[in-house]
Structures are given as structure tokens and as C-alpha cells.
Amino acid sequence: MQTSLHLIAISGSLRAASCNTALLRAVQTIAPENIRVTLFEGLAQVPPFNPDIDIESVPLLAQLRDQIIAADGVLIASPEYAHGVSGVMKNLLDWLVNTPAFVYKPVATLNAAPRAHHAFDSLKETLTMMSAQWIAAASITVPVYGETKDTAALIAHPEINAQLRQALQAMQLTEQAQAVLG
Ligand SMILES: Cc1cc2nc3c(=O)[nH]c(=O)nc-3n(C[C@H](O)[C@H](O)[C@H](O)COP(=O)(O)O)c2cc1C
């Protein structure tokens with residue numbers, strides 16, 4: 001059964017040459033026809049989280065919330081800074097905590113740095129607390145450095161390419177299982 005899937009991809013880095021963004025762009029590029037991956041490009045415009053501000057008054061965030069609700073899943077790749085999730089990524093998640101965006105939403109966290117585990121673990125904890133369905137089989141660790149630092153190199157690397165396809169397949173199997181269970 002070939003179901004179509006729409007995934008929202010969010011990179012937790014604002015760097016132009018970000019390894020995390022490169023990884024998500026690689027997933028986006030190799031995704032088969034029935035899987036659409038939309039990269040969130042507005043992270044730099046997200047204001048500092050303030051619980052006094054209604055998310056409806058921040059159109060960028062209200063729109064992202066609605067996109068995630070409508071999507072079949074989310075892919076997140078975020079750098080580790082000082083053993084934590086990047087501030088901009090955590091800030092975005094804080095805005096979405098009191099919304100249904102991540103509730104029961106299949107989410108994969110992609111780790112672009114094998115030596116970094118604090119941010120990966122912390123991201124998983126936050127997403128689980130937000131009632132997301134963390135998909136272990138899709139949450140891969142990929143060495144994005146040296147020769148594999150950009151999107152084209154990631155796609156050209158046979159093992160990494162296979163890992164990315166497996167991650168997408170795991171998201172698809174999750175969607176299919178949910179469709180069967182209703
Ligand atoms: C201020 C700062 C702190 C960092 N802290 C860590 C760290 O605690 N652990 C780690 O593995 N890497 C750390 N790094 C390395 C980044 O995670 C790494 O450069 C990563 O590739 C950045 O992601 P990006 O390429 O998507 O921007 C740090 C980098 C910076 C600039």
C-alpha cells in the first residue's frame with residue numbers, strides 16, 4: 001500500500017551552512033514522489049516566547065502550528081550548544097507546547113553529530129512531554145562533517161542515503177499503521 005505523506009522539517013540552526021539544515025534538505029531531495037517534505041524557513045523570525053502573547057497574534061507561528069496539525073509527521077534536526085538544544089529550537093517548541101500541534105504527532109529527530117547526545121536526548125524528552133509520538137526507527141544519527149557536510153554530498157554517500165531512506169520509510173510505516181488502527 002502506497003500512502004502519501006506530508007512531513008514538516010524543522011532545522012534548529014540559523015547558520016547558512018548548517019549541517020542540520022543540509023541533512024533535512026537531503027531528506028527532502030531524496031524523498032519519493034509520495035512523500036512531500038516542507039522545510040520550515042521562518043525560524044529566524046520567531047519572537048522570544050512569552051506566555052502572555054497569544055499565538056494567534058503571531059501569524060508565522062499560528063501558520064506553522066496549523067501546518068503541523070495537518071501534516072503526517074515532523075522531522076527535526078537541531079545542533080547541540082553547550083550540551084543543550086539550540087535556543088532558537090527550544091524557543092519554537094515552547095511556543096507550541098500549549099497547542100495541539102505535537103499531540104500524537106509522529107516525530108523523528110535526526111542527529112547530525114554522532115558525538116552529541118545531550119541535545120538529542122533533551123529534544124526527545126521535550127517532544128515526549130508535548131505528547132508527540134517519537135519514532136525511534138526514524139530517529140537516525142548521521143555523521144555530517146568533513147566530506148559529507150553539504151546536501152549533495154549527503155545524497156551521494158551510499159550509506160547515508162540508505163539511512164535517510166530508511167528514516168522516511170519508518171515514518172511511512174507509522175502512517176500506514178495508524179491508518180489501519182484508525
Ligand atoms: C557556542 C557553541 C557551542 C557548542 N556546543 C557543543 C556541545 O556542547 N556539544 C557538541 O557536540 N557540539 C557543540 N557545538 C558544535 C555544534 O553543535 C556544531 O558546530 C553543529 O554542527 C552546529 O550545527 P549546524 O551546523 O547545523 O549549525 C557547539 C557550537 C557552538 C557554536
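In each ligand, atom 1 is the first atom listed, and ligand 1 is the first ligand listed.
Considering only non-hydrogen protein atoms, atom 1 (C) of ligand 1 sits nearest to Tyr81 CD2, 4.4 Å. Taking atom 8 (O) of ligand 1 as the reference point, the nearest protein heavy-atom neighbour is His83 N, 2.9 Å. Taking atom 7 (C) of ligand 1 as the reference point, the nearest protein heavy-atom neighbour is Glu80 OE2, 3.5 Å.
Within the listing of ligand 1, atoms 24 (P), 26 (O), 27 (O) sit less than 4.0 angstrom from a heavy atom of Ser13. Taking every heavy atom of Asn20 and a limit of under 4.0 angstrom, the matching atoms of ligand 1 come to 23 (O), 24 (P), 26 (O). Ligand-side atoms of ligand 1 in range of Ala116: 11 (O), range being under 4.0 angstrom from any heavy atom.
For ligand 1, none of its N or O atoms has an N or O atom of Pro79 under 3.5 Å away. At least one N or O atom of Cys19, backbone or side chain, sits closer than 3.5 Å to an N or O atom of ligand 1. When only interatomic distances are considered, the shortest N/O to N/O separation between Thr21 and ligand 1 does not fall below 3.5 Å.
Of the protein's heavy atoms, none falls inside 4.0 Å of atom 18 (C) of ligand 1. For atom 27 (O) of ligand 1, a protein non-hydrogen atom is found at a distance below 4.0 Å.
Listed for the Thr151 side chain is a donor-acceptor partner under 3.5 Å among the backbone atoms of Ala22. Put simply, the side chain of Lys105 gets close to the backbone of Ile69: a donor and an acceptor are under 3.5 Å apart. Side chain of Asp150 to main chain of Ala153: a donor-acceptor pair is present (N/O by atom type, distance under 3.5 Å, no hydrogens or angles).
Here Glu125 does not pair with Lys90 in a salt bridge; the nearest charged N to carboxylate O distance is not below 4.0 Å.
The hydrophobic clustering, which links ILVMFWY residues whose side-chain heavy atoms are closer than 4.5 Å, places Val88 and Leu75 apart.
Only the side chain of Arg115 comes within 4.0 Å of ligand 1, counting heavy atoms alone; its backbone N, CA, C and O stay farther away.
With rounding to the nearest 0.5 Å, the separation of CD1 in Ile10 from CG in Leu96 is 7.0 Å.
Ring orientation note: the planes of Phe49 and Trp95 are nearly perpendicular, at an angle over 60° on the 30°/60° scale.
Residue Ala82 places a heavy atom under 4.0 Å from ligand 1.
Between Ile155 and Asn161, the shortest heavy-atom distance links the atoms O-ND2, 2.7 Å.
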| Yes or no on side chain to side chain contact (heavy atoms under 4.5 Å, CB included) for Leu164 and Ile140, after CA distance, side-chain angles and deciding distance? | CA-CA 8 Å; Leu164 299 179; Ile140 53 172; 3.7 Å; yes
